Structure formats: structure tokens, C-alpha cells
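Just so it is clear, the structure is predicted and the values come from calculations on it, not from any experiment.
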Amino acid sequence: MEAKELFTLFDHLIYSPKLEKEYVKAGFPNDSFRGVYALFNSENKALFVGSSVDLRNRILVHRRQPEIQEYLEEVVFIGIKHLEGDLLAHKKGYIRNLEPTLNIYHYYT
């Protein structure tokens, strides 16, 4: 994906190599918020797309999940989109558009 496309899909791009805690926290200087996020590697390829009502804490949970550990080395930045309403519907759209590597299910329909 082209870098300029990422700026149209997300409100913020947070530099966070290896999903390091201090970078994630710095990306949310105030209270956390709800929305959709995507973890990207250095080639702008989406590794994972998720959603949460508390994005900062949800993103940090990934550091403790065994199924994502081997991919943490690849994470370079996080795309953040502030959203209200049905987060699952928005998440499905982002998965369909970005085709992330780690999402077990894909919403192509």
C-alpha cells in the first residue's frame, strides 16, 4: 500500500517499532478512544486489523499474546482511526481493504 493512501485511511500513524510500550503510550498522550487500528510493517503491509473502545490498552495487550509474538519484530507503525458507531462493521471494511496477514478470518463479502 502506498504511504499516501495510509494518510487517507487513518487519523494518526504512530511510530512504534516492535510495538514498544513507550511509543504506544506516547501515541495516546491523553485519554484513549474508540476506533479501528492496524499494525504495519516497514513495507506498509498490514499485519493485523482490530477495533476497541479503548485503543491504547487493546494495542498493548498484543505484546502478551503468544500468537502474535513472532510478528512483533516486524511492526513499525500503527494506523489509528477514531470512530463511533458499529466498530465491527468498520473493522470488517478495513480487513477487506487492507487484507492483513494475521487476521484469522477475512471479510471479503
Side-chain angles (χ1 to χ4, degrees):
M1 173 167 279
E2 297 282 330
K4 63 183 178 181
E5 290 177 88
L6 295 174
F7 287 103
T8 61
L9 287 174
F10 297 99
D11 297 324
H12 304 288
L13 297 175
I14 300 171
Y15 174 71
S16 184
K18 302 178 187 176
L19 214 57
E20 291 290 336
K21 189 175 186 177
E22 64 270 11
Y23 289 106
V24 174
K25 286 187 172 188
F28 295 91
N30 301 316
D31 292 334
S32 189
F33 44 83
R34 56 185 285 130
V36 173
Y37 65 95
L39 307 178
F40 289 92
N41 66 15
S42 62
E43 298 168 356
N44 298 339
K45 170 71 178 137
L47 300 172
F48 184 80
V49 171
S51 62
S52 180
V53 296
D54 186 350
L55 287 173
R56 178 180 52 202
N57 288 330
R58 177 64 187 109
I59 290 167
L60 289 172
V61 164
H62 287 302
R63 295 178 45 76
R64 298 188 306 267
Q65 291 179 307
E67 59 273 9
I68 198 171
Q69 290 302 308
E70 67 183 86
Y71 292 94
L72 285 181
E73 293 290 320
E74 290 186 52
V75 176
V76 175
F77 65 96
I78 307 163
I80 303 291
K81 181 68 176 178
H82 304 252
L83 294 165
E84 296 296 328
D86 185 359
L87 292 179
L88 182 58
H90 290 295
K91 177 182 165 181
K92 287 178 181 180
Y94 274 78
I95 290 172
R96 193 177 308 115
N97 186 18
L98 297 172
E99 299 180 5
T101 304
L102 296 174
N103 288 82
I104 297 169
Y105 47 88
H106 294 276
Y107 300 102
Y108 294 117
T109 58

Using the ring of each side chain (for Trp, its six-membered ring), is Tyr37 parallel, tilted or perpendicular to Phe48, with breaks at 30° and 60°?
tilted

Main chain of His82, side chain of Asp11: is a donor-acceptor contact present, judged purely on distance under 3.5 Å?
yes

Neighbour count above 12 (heavy atom, 6.0 Å) for Lys25 NZ
no

So, taking the atom named CG in Asp86 and the one named NZ in Lys91, what distance separates them when rounded to the nearest 0.5 Å?
11.5 Å

Applying side-chain contact (heavy atoms from CB on, under 4.5 Å) to Lys21 and Leu60, what does each step give before you reach the verdict?
CA-CA 7 Å; Lys21 189 175 186 177; Leu60 289 172; 3.9 Å; yes

Heavy-atom distance under 4.5 Å between the side chains of Arg34 and Leu87, does that happen here?
yes

Of the non-hydrogen atoms in Val36 and His90, which two are nearest, and what is the gap between them?
CG2-CB, 3.8 Å

Assigning hydrophobic clusters by single linkage (Ile, Leu, Val, Met, Phe, Trp, Tyr; side-chain heavy-atom cutoff under 4.5 Å), is Val61 placed with Phe40?
no

First locate atom NZ of Lys92, then atom OG of Ser51, and finally report the distance between them rounded to the nearest 0.5 Å.
10.5 Å

Could you tell me whether the side chain of Ile14 reaches within less than 4.5 Å of the side chain of Ile80, counting heavy atoms only?
yes

With a 4.5 Å cut-off on side-chain heavy atoms, are Tyr94 and Asn97 touching?
no

Scanning both residues in full, the closest heavy-atom pair of Lys45 with Leu98 reads NZ-O, 3.8 Å

Measuring from atom OG of Ser52 to atom CD1 of Ile59, what distance do you get when rounded to the nearest 0.5 angstrom?
8.0 Å

Using the ring-ring contact (aromatic ring centres under 6.0 Å, His included) criterion, which residues pair with Tyr23? Sequence neighbours excluded.
Tyr15

Parallel, tilted or perpendicular: rings of Phe28 and Phe33 (30°, 60°):
tilted

Please tell me if the side chains of Ile95 and Pro100 come closer than 4.5 Å, counting only heavy atoms from C-beta onward.
yes

Value for CG (Asn44) from NZ (Lys4), rounded to nearest 0.5 Å, stands at 12.5 Å

Exercise answer: donor-acceptor pairs, residues 65-79 side-chain atoms, under 3.5 Å, sequence neighbours excluded:
residue : atom : partner : partner atom : Å
Gln65   : OE1  : His62   : ND1          : 2.6
Gln69   : NE2  : Arg63   : O            : 2.6
Gln69   : NE2  : Gln65   : O            : 3.1

